[in-house]
Novice: 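Structure in structure tokens, see below.
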Number of protein chains: 4
Amino acid sequence: MRLPVGRFAYTHLFFYFYLLTSQSVCDMQNTEREISIKKILDTALVLFADKGFNRTTTDEIARKARVSKGLIYFYFSSKEEILTRLIEHIFDEGGGEMADGAEPLEFIEQLLESFRTALKDMTRWKVATSVLFQNQNREAVRLILKNKYVQYYSILKDQFALLGSSEPEMDAKELLAIMDGVALHSIFAGDVFKPEAVLDFTLKRYRKQFGP
Amino acid sequence: MRLPVGRFAYTHLFFYFYLLTSQSVCDMQNTEREISIKKILDTALVLFADKGFNRTTTDEIARKARVSKGLIYFYFSSKEEILTRLIEHIFDEGGGEMADGAEPLEFIEQLLESFRTALKDMTRWKVATSVLFQNQNREAVRLILKNKYVQYYSILKDQFALLGSSEPEMDAKELLAIMDGVALHSIFAGDVFKPEAVLDFTLKRYRKQFGP
Amino acid sequence: MRLPVGRFAYTHLFFYFYLLTSQSVCDMQNTEREISIKKILDTALVLFADKGFNRTTTDEIARKARVSKGLIYFYFSSKEEILTRLIEHIFDEGGGEMADGAEPLEFIEQLLESFRTALKDMTRWKVATSVLFQNQNREAVRLILKNKYVQYYSILKDQFALLGSSEPEMDAKELLAIMDGVALHSIFAGDVFKPEAVLDFTLKRYRKQFGP
Amino acid sequence: MRLPVGRFAYTHLFFYFYLLTSQSVCDMQNTEREISIKKILDTALVLFADKGFNRTTTDEIARKARVSKGLIYFYFSSKEEILTRLIEHIFDEGGGEMADGAEPLEFIEQLLESFRTALKDMTRWKVATSVLFQNQNREAVRLILKNKYVQYYSILKDQFALLGSSEPEMDAKELLAIMDGVALHSIFAGDVFKPEAVLDFTLKRYRKQFGP
DNA sequence: AATGAATGAGACTTCATTCAT
DNA sequence: GATGAATGAAGTCTCATTCAT
């Protein structure tokens with residue numbers, strides 16, 4: 001069985017944003033068109049993360065991206081659309097590699113492992129939340145996040161079902177909550193909280209509960 | 001045994017904010033001055049929660065609070081100061097009551113119960129993130145949150161110890177993560193996610209693990 | 001013959017302003033009414049001189065004068081009226097003493113002497129011009145200045161007539177121009193210009209022309 | 001002998017400002033950019049002169065210049081910067097032509113003649129004082145003015161020396177004082193004072209004293 | 001005589017967006 | 001494709017003035 005796990009690791013909200021900022025927004029850049037779009041998106045991403053959506057002006061995006069303001073509106077219908085496209089790109093981005101045909105428990109282990117790795121780069125998280133929370137009341141943003149959430153939740157649910165969980169939905173939701181809760185606390189109290197410890201603790205519990 | 005539980009309910013980040021918004025910002029309202037300030041703060045709070053700080057205009061605050069725009073600047077030096085004063089009030093607010101001398105498991109039950117109640121008012125949560133992640137305030141706010149976190153984490157840790165947990169620190173941290181993770185997801189996917197279900201699920205696990 | 005010379009010394013624009021700032025605006029202060037008015041005028045004067053009319057707010061006048069903003073409008077119909085009353089006070093202020101029954105040449109000598117004295121206090125002049133020029137396009141201010149100018153010009157003209165000048169009007173106007181021109185240049189180039197020297201030079205010319 | 005008289009006419013403070021306002025602020029106006037900047041500066045100058053800096057609104061500048069309010073802020077960072085740029089232009093402006101190799105007396109005649117012409121346009125003078133006496137600019141402006149003063153004073157002093165004056169420094173200073181004094185009085189009492197008369201009177205005196 | 005809370009018109013400024021070239 | 005000058009609606013904030021007490 002071949003699960004679409006290659007992309008799974010980026011399911012949850014925060015983790016997605018990590019990737020957002022560590023990679024280039026768009027890898028295709030053959031035509032001039034794509035080069036320009038990429039320049040705009042890359043620049044906007046850094047600025048949105050740094051100063052927030054509202055405080056970033058199209059003027060600054062144009063200046064830093066070394067394109068004219070007019071060109072931005074040639075490719076994007078509005079500033080809002082830059083944000084939307086940015087978020088869509090994030091979730092379409094390829095993720096890390098997951099062992100093919102892994103056992104469910106192994107799958108979760110790998111997931112938490114890569115999550116812990118991501119957590120170590122704290123500055124990345126901050127950038128992510130900055131973008132995320134400053135736009136939480138934008139309906140467009142909320143919808144994307146919600147859809148992605150539902151989509152990936154079902155994958156995790158299946159894994160717990162394969163593990164033999166009696167309430168795979170609940171297990172899936174709880175794990176997602178733990179991950180994002182840990183990420184959130186890392187931002188505020190990372191120095192005293194040691195977030196990775198909780199992930200291990202949770203994993204240990206799964207092993208005891210679902211292991212051989 | 002008398003635990004300082006009266007304030008416990010406000011431990012975690014988001015829950016704090018719930019209280020902020022569910023109560024009146026300022027209780028003294030004898031003089032005209034205080035009545036006006038209260039009207040402005042109360043109105044601003046709801047609007048910030050609803051639309052975010054940036055999208056709320058002073059014009060709208062004035063209109064909804066039924067005061068003139070000038071009066072806002074008579075009491076607050078800027079829109080930013082309204083936000084600052086709001087945050088200060090949050091952390092000065094007193095908390096609710098916890099059953100005195102409750103059993104540890106009962107204590108956690110009550111905690112999750114009041115948390116679930118808070119979660120129902122979704123718009124309230126929004127103010128928290130909106131306020132928290134404004135770039136410029138972040139460091140100051142982060143410190144306050146961190147201190148609160150550490151302080152209340154120790155209380156929860158003690159409860160798990162009383163329950164007979166072999167790793168009370170981990171249990172405490174995990175529970176806090178679950179709570180804030182649930183809160184976070186409620187914002188984005190509350191309609192499909194049913195956050196309260198996860199809380200029950202977790203509680204059931206505690207009962208099985210620590211119950212009689 | 002008794003000329004109204006006691007007041008003459010304050011004829012020209014700048015010299016008037018010197019007195020304005022070196023003396024209290026109003027000497028009567030028996031009743032509470034007069035005390036309050038005096039406090040307001042005195043405070044406004046310093047502030048207008050320091051920051052200019054526009055940049056001085058009624059709020060600041062009230063605060064520094066230790067009266068309420070309402071009281072200012074109880075005694076003055078507008079901020080503009082404070083300025084007008086201030087300028088009127090300046091021109092009504094008593095001046096220095098002039099030797100009674102002095103010879104015309106002696107009269108001019110004394111005039112220039114007291115003018116030179118006033119010039120020494122450079123900061124005073126700056127304050128004067130600050131108030132004066134910042135309000136030059138206010139018609140009310142211009143009218144007061146103009147009337148005073150005409151009034152005192154006629155006194156000086158008479159003195160030159162007594163001296164035997166063939167064109168006393170021209171002599172009077174020229175002398176007034178020299179005085180204010182000297183004052184003006186003192187502000188900008190006082191350190192290199194030595195304004196008092198010009199006054200002596202002019203006086204020497206009068207002595208040669210009109211003297212015995 | 002070739003005196004650097006070409007620029008002499010702008011020696012004294014006020015006269016400088018006349019030129020400022022009688023000429024276009026910026027001569028280059030090829031590109032659209034320069035045309036717009038010129039429109040804004042020219043309009044602002046007239047308005048500042050007429051109503052003073054504070055009473056001139058950006059709205060009015062935009063309306064009279066027939067550009068949008070936004071365009072003003074596209075080229076100038078603030079209303080204050082318009083003022084600053086205006087002052088800079090003043091001192092960069094080239095001056096009029098003086099008859100080459102003129103006799104000293106002729107030179108002074110021409111000087112006073114062009115000065116009298118300048119005086120006729122009263123509104124022009126106002127911008128000078130309005131601009132000059134804004135508190136915040138004073139020190140910077142004062143220095144520029146002082147340097148110009150010293151520089152051109154020396155030219156006038158030489159002319160009086162050539163005329164055979166026994167005290168050319170004093171004559172030079174006195175003449176400069178008369179000119180600026182006359183200008184000053186023109187503003188306040190121009191309608192009754194007839195400033196040009198004094199200039200003729202002074203010139204007549206020079207003719208009698210230094211003429212053939 | 002005195003207070004100070006309250007008002008509202010209008011100021012400066014910002015910035016997403018358009019459009020002629 | 002690309003530019004950048006131009007727009008104008010909307011925002012924050014100021015402050016002279018009023019008015020109930």
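Numbers restart at 1 for each chain; the letters A, B, ... are given by sequence-line order, proteins then strands.
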Novice: Starting from the C-alpha separation in whole Å, work towards a yes-or-no answer on salt bridge (Lys or Arg N to Asp or Glu O under 4.0 Å) for D/E34 and D/K38.
Specialist: CA-CA 6 Å; D/E34 275 156 354; D/K38 183 182 140 44; over 6 Å; no
Novice: Could you give the CZ-to-P distance, from D/F74 to F/dG8, as a whole number of Å?
Specialist: 16 Å
Novice: List the atom of A/R66, the atom of A/K39, and the distance in Å for their closest heavy-atom pair.
Specialist: O-NZ, 4.0 Å
Novice: If you look at every strand shown and take non-hydrogen atoms under 4.0 Å, does A/S77 touch a base, only sugar-phosphate, or nothing?
Specialist: nothing
Novice: Note every stem involving DNA chain E: at least three consecutive Watson-Crick or G-U wobble pairs, i with j then i+1 with j-1, with both distances under 3.5 Å.
Specialist: E:2-21 with F:2-21
Novice: So which one's nearest nucleotide on DNA chain E is more toward 5', C/K69 or C/S36?
Specialist: C/S36
Novice: Strictly below 4.0 Å, heavy-atom distances to any atom of DNA chain E: list the hits from residues 60-68 of chain D, or just say none.
Specialist: none
Novice: Judged by each residue's nearest nucleotide on DNA chain F, which is more toward the 5′ side, B/Y73 or C/G70?
Specialist: B/Y73
Novice: Side chains of B/D59 and B/R63: does their closest heavy-atom pair fall under 4.5 Å?
Specialist: yes
Novice: Which is the 5'-most and which the 3'-most nucleotide of DNA chain E that has an atom under 4.0 Å from a heavy atom of chain D?
Specialist: E/dA11 to E/dC15
Novice: Please name the pair of heavy atoms, one in D/K51 and one in D/T56, separated by the smallest distance, quoted to 0.1 Å.
Specialist: CB-OG1, 3.9 Å
Novice: Base, sugar-phosphate or nothing for D/T57? Non-hydrogen atoms, less than 4.0 Å.
Specialist: sugar-phosphate
Novice: Shortest non-hydrogen contact from C/Y75 to C/S36?
Specialist: CE1-CB, 3.7 Å
Novice: Do B/I72 and B/I82 have side chains that approach each other closer than 4.5 Å (heavy atoms only, starting at C-beta)?
Specialist: yes
